[in-house]
Amino acid sequence: MHLNVRPFGVALGLAALLLLFTCPPGPHPAQGATALGLQDDFIRVAEQVMPSVVSLKAIRVVTVQPMGPSEDFFRGTPFEGAFREMGGQPIRRRLVGQGSGVIIDPRGYILTNNHVVAGSQQLQVHLNDGREVTGRLVGADPRFDIALVQVPVTGLRAARLGDSTQIRVGQWAVAIGSPFGLEKTMTVGIISATGRRGLGKGTYGDFIQTDASINPGNSGGPLLDINGQVVGINSMISAQGQGIGFAIPINLARQIIAPWIK
């Protein structure tokens with residue numbers, strides 16, 4: 001028996017075309033949906049944590065000897081009397097160092113680096129809402145480069161502290177701070193490594209490495225995970241290369257400052 005299958009094939013083709021033009025389009029590709037979702041996550045982190053990040057100015061006054069010959073340079077020569085005062089009088093200069101900090105307690109406690117506030121005679125804290133207040137140093141640990149500052153303001157929004165033992169290489173990392181005085185700056189990268197040792201001079205060696213952009217002024221600011229939790233305190237950068245920054249694990253910082261919080 002000879003079967004004529006041509007009409008069936010034509011009918012099948014027509015049915016397929018009909019379905020193609022009448023069915024609604026499928027969902028967007030997964031890549032697009034993921035990118036938009038990730039963007040929303042970054043926006044959420046910024047909105048949640050920016051109010052908890054502050055800019056710090058550490059002020060101190062130093063005495064500087066002007067350029068000129070020393071007191072003994074002309075001693076015993078015919079010019080001793082004429083040039084004795086050539087060096088001039090010492091000059092007092094106001095030096096201002098800048099860094100960042102993160103509010104960890106609504107009672108005004110701010111976590112930062114020791115090297116940001118070390119030797120300061122006055123601490124000016126610029127809050128996210130524009131207020132500038134004077135802070136006081138509550139405690140500092142030079143070995144671990146951790147310091148705690150308190151401002152006379154209550155009801156502040158404190159950042160959520162995460163668990164730095166749970167971070168993994170490859171996960172998202174977000175840094176917020178005031179690089180070069182540019183307040184409210186947010187950068188994004190990944191956790192590049194954990195447990196880095198032998199860095200700096202006389203510092204504790206268990207740093208989190210990240211390629212989230214960190215520059216002078218970021219010191220003391222928070223390193224965050226994608227959920228907006230603080231996992232580290234940004235501390236230093238590599239002078240030899242770009243995209244290599246280091247943060248102190250938040251679990252270590254919490255242990256150090258615990259006795260200082262009343």
Side-chain angles (χ1 to χ4, degrees), residues 52-60 95-105 109-125 135-151 159 161-165 167 173-181 185 187 189 191-225 229-241 243-261:
S52 303
V53 180
V54 304
S55 176
L56 287 169
K57 289 183 179 180
I59 303 169
R60 62 191 179 104
L95 301 181
V96 180
Q98 186 154 344
S100 305
V102 57
I103 300 169
I104 60 168
D105 189 294
Y109 286 103
I110 298 169
L111 184 58
T112 186
N113 287 143
N114 174 71
H115 77 260
V116 171
V117 299
S120 62
Q121 298 163 337
Q122 182 183 358
L123 285 173
Q124 292 182 352
V125 181
R136 70 179 183 91
L137 184 62
V138 177
D141 191 322
R143 181 189 172 203
F144 295 97
D145 198 20
I146 287 294
L148 189 67
V149 173
Q150 187 177 24
V151 293
L161 304 185
D163 182 357
S164 53
T165 65
I167 63 175
V174 179
I176 299 179
S178 304
F180 300 108
T185 295
T187 56
I191 300 295
S192 304
T194 59
R196 285 295 192 205
R197 299 179 179 274
L199 304 172
K201 184 177 180 181
T203 56
Y204 173 78
D206 188 21
F207 291 93
I208 301 168
Q209 181 181 329
T210 180
D211 69 348
S213 182
I214 296 174
N215 290 285
N218 272 114
S219 290
L223 185 69
L224 310 155
D225 63 16
Q229 298 183 113
V230 181
V231 295
I233 299 298
N234 297 318
S235 179
M236 67 177 73
I237 58 177
S238 172
Q240 290 76 29
I244 304 177
F246 303 96
I248 301 164
I250 193 61
N251 288 24
L252 173 61
R254 293 172 82 168
Q255 293 175 12
I256 295 171
I257 67 173
W260 303 337
I261 298 180

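None of the values given here were measured: they were computed from a predicted structure.
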Side chain [X], main chain [Y], donor-acceptor under 3.5 Å:
X	Y	value
N234	P222	yes
N113	G220	yes
T187	S213	yes
S192	D211	yes
D145	N114	yes

Would you compute the distance between atom [atom1] of [X] and atom [atom2] of [Y] and round it to the nearest 0.5 angstrom?
X	Y	atom1	atom2	answer
S235	H115	OG	NE2	5.5 Å
T112	I233	OG1	CD1	7.5 Å
I214	I244	CD1	CD1	11.5 Å
L161	D105	CG	CG	9.5 Å
L223	Q209	CG	CD	11.5 Å
N218	Q98	CG	CD	10.5 Å

Check whether any side-chain heavy atom of [X] sits under 4.5 Å from a side-chain heavy atom of [Y], and report yes or no.
X	Y	result
I104	I257	yes
I167	D225	no
S178	L56	no
N251	D163	yes
I248	F144	no
F246	I208	no

List the atom of [X], the atom of [Y], and the distance in Å for their closest heavy-atom pair.
X	Y	answer
A212	G189	CB-N, 3.7 Å
A159	S52	N-OG, 3.4 Å
V117	A147	CG2-CB, 3.7 Å
P179	T185	CD-CB, 3.6 Å
D206	G195	OD1-CA, 3.1 Å
V231	S164	O-CB, 3.4 Å

Start with the C-alpha distance between W260 and D141, add both sets of side-chain angles, then the distance that settles side chain to side chain contact (heavy atoms under 4.5 Å, CB included), and finish with yes or no. CA-CA 11 Å; W260 303 337; D141 191 322; 4.2 Å; yes

Just do the side-chain hydrogen bond (donor to acceptor under 3.5 Å, both in side chains) check on R60 and Q121 with the steps written out, would you? CA-CA 5 Å; R60 62 191 179 104; Q121 298 163 337; over 6 Å; no

Apply the test side chain to side chain contact (heavy atoms under 4.5 Å, CB included) to residues L148 and I256: give CA-CA distance (whole Å), side-chain angles for both, the deciding distance (0.1 Å), then the verdict. CA-CA 10 Å; L148 189 67; I256 295 171; over 6 Å; no

